[in-house]
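Notes follow the structure.
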There are 2 protein chains.
Amino acid sequence: MKAPSPHQPAFRRTRPDARRLALIEACARVMARGGAAGVSVRAIAVEAGVSPGLVSHYFSGIEALVAATYAHVEGAVGETLDHAVEAAGPDPRARLDAFVTTTFAPAIADPQLLATWIAFWSLVTARPAIAAQHDEQYAGSRARLEALLGACGVPATERRRAAIAVSALLDGLWLELCLSPGCFSAEEAGDIARRFLDTLISPDR
Amino acid sequence: MKAPSPHQPAFRRTRPDARRLALIEACARVMARGGAAGVSVRAIAVEAGVSPGLVSHYFSGIEALVAATYAHVEGAVGETLDHAVEAAGPDPRARLDAFVTTTFAPAIADPQLLATWIAFWSLVTARPAIAAQHDEQYAGSRARLEALLGACGVPATERRRAAIAVSALLDGLWLELCLSPGCFSAEEAGDIARRFLDTLISPDR
DNA sequence: ATCGTTGTTGTACGATCGTCCAACAAGCAT
DNA sequence: ATGCTTGTTGGACGATCGTACAACAACGAT
């Protein structure tokens, strides 16, 4: 090597939004590995390969980073579900079934993903801002479900309740699937959810 | 005051099991007040009115105390549900409805109670012993539900699935009711669950 | 080639964490 | 009244936490 360069850079500068995203993804990995209790500024900095000071530079605190990570992971989950629904074609019921099946697919019903939710939930009760963020996320999730149910012929007057019910059933199955994966299978969860949908959607169409 | 006593006792001795229970209840109160993240040996000791060293004396660590607290609170919830079922009389469907209604009653669908569950859940992924404890609790909960469903005429071959489904729906509704109490009411949650039970229980009896 | 900006580093700081253990005293047996 | 058992205290200890900040260096502008 001719090596005219006296040294290689000790670090690389990055566009703020890219660095911010890297920190968020590092936070998600740390939570996935060590659980919600293992998150710390230093662990995240090591995971992202940066100095601990950077976390404070991009986020007002560790809680803000957890909240941003939740928002990011929730967005990714939403995209995965949307793509699955779109790939299912035009038939409304097929789209709803795809939504259910994907909810229990390995990419989403992941014990490591649950750690992000738990870390976020643990802040909901005490922090009003976090509670508001959760309400917003839940409202969005329910709206998506209402649209899918409406396309299947669920009357507008029943959509709200139906969406709350489906959302709760899916969440409950998803939670248990993550907490004790050996108790029942993703296929069973999907069957249970689809059978429930049968009772909500009138067959006369 | 004649006060022949030079001083009043600096502390009172207690039977080990009573002190242990007092620490568990103090842990539950601390979690209810400050969320799952606020639990610490010192906070629990202050809440229980004892010295910090006592926590280490009765429990091998803070995680063991959280696990014991979860077991205790879960037992109390189970008793509340059992009493409600018993008070509902002999009719199987009335007993099942009482189970549902009580699940969403203020005593159980309590945001502060959720903190205990979250603190416990945050340990499930990383600690095998905690995971085993959760599996045991879930199996017990499902068995109780299976018995109630069986009494309502759900065939034995379908009981397992039905219990998983009902348990998931109740858990999902309970979770959302705790996380954002303003989104829907306990009455709505009860109506949704009872309507779901209608679809599981054949009316021909 | 040099400058200016700003993303990044590394550390110091005080607070708080869980754990441990020797000393103490409350209450029962004698 | 006295001694003994043991529940209880209270602080020491090292580790780790979140935060703040002055110095540094990468890199585009000039």
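The chains referred to below are lettered A, B, ... by the order of the sequence lines, with proteins before strands, and numbering in each begins at 1.
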Ser40(B) side chain near dT16(C) phosphate (N/O to OP1/OP2, under 4.0 Å): no
Selected nucleotide, minimal atom distance to Ser56(A) side chain, candidates dG10(D), dT8(D), dT19(D): dT19(D)
Gap between atoms CZ and P, on Phe59(A) and dT8(C) respectively (whole Å): 12 Å
Nearest non-hydrogen partners of Ala43(A) and Gly38(A), listed with the distance: CB-O, 4.2 Å
side-chain N/O Arg19(B) vs dT8(D) OP1/OP2, d < 4.0 Å: yes
Atom-to-atom span, CG of Leu23(B) to P of dG18(C) - whole angstrom: 14 Å
List the atom pairs, with distances to 0.1 Å, where a side-chain N or O of residues 24-34 of chain B and a protein N or O form a donor-acceptor pair under 3.5 Å, not counting sequence neighbours.
{"residue": "Arg29(B)", "atom": "NE", "partner": "Glu47(B)", "partner atom": "OE2", "Å": "2.5"}
{"residue": "Arg29(B)", "atom": "NH2", "partner": "Glu47(B)", "partner atom": "OE2", "Å": "3.4"}
{"residue": "Arg33(B)", "atom": "NH2", "partner": "Glu47(B)", "partner atom": "OE1", "Å": "2.3"}

Exam field: side chain Gln137(A) to backbone Glu74(A), donor-acceptor pair closer than 3.5 Å: no
Sugar-phosphate only, base, or nothing, as touched by Leu54(B) at under 4.0 Å among non-hydrogen atoms: base
Between P of dT8(D) and CZ of Arg15(B), the distance in whole Å: 12 Å
Upstream residue (5' side of DNA chain C) when Val39(B) and Arg12(B) are each assigned their closest nucleotide: Val39(B)
Short side-chain donor-acceptor distance under 3.5 Å, Glu176(B) and Ser180(B): yes
Whether Tyr70(B) and Phe120(B) hold their rings parallel, tilted or perpendicular, with breakpoints at 30° and 60°: parallel
Touch class at under 4.0 angstrom, heavy-atom based, for Val50(B) against every strand present: sugar-phosphate
Among dC20(C), dT9(D), dT19(D), the nucleotide that comes nearest once only the side chain of Val41(A) is considered: dT19(D)
Nearest-angstrom distance from the residue atom CZ of Phe11(B) to P of dG10(D): 9 Å
Interatomic distance, His57(A) NE2 vs dT6(C) P [rounded to whole Å]: 11 Å
Rounded distance (Å) that lies between atom C1' of dA26(C) and atom CZ of Arg13(B): 5 Å
Sugar-phosphate, base or nothing in reach of Arg42(B), heavy atoms under 4.0 Å: base
Sugar-phosphate, base or nothing in reach of Tyr58(A), heavy atoms under 4.0 Å: sugar-phosphate
Value in whole Å for how far the C1' atom of dC20(C) lies from CD1 of Ile62(B): 15 Å
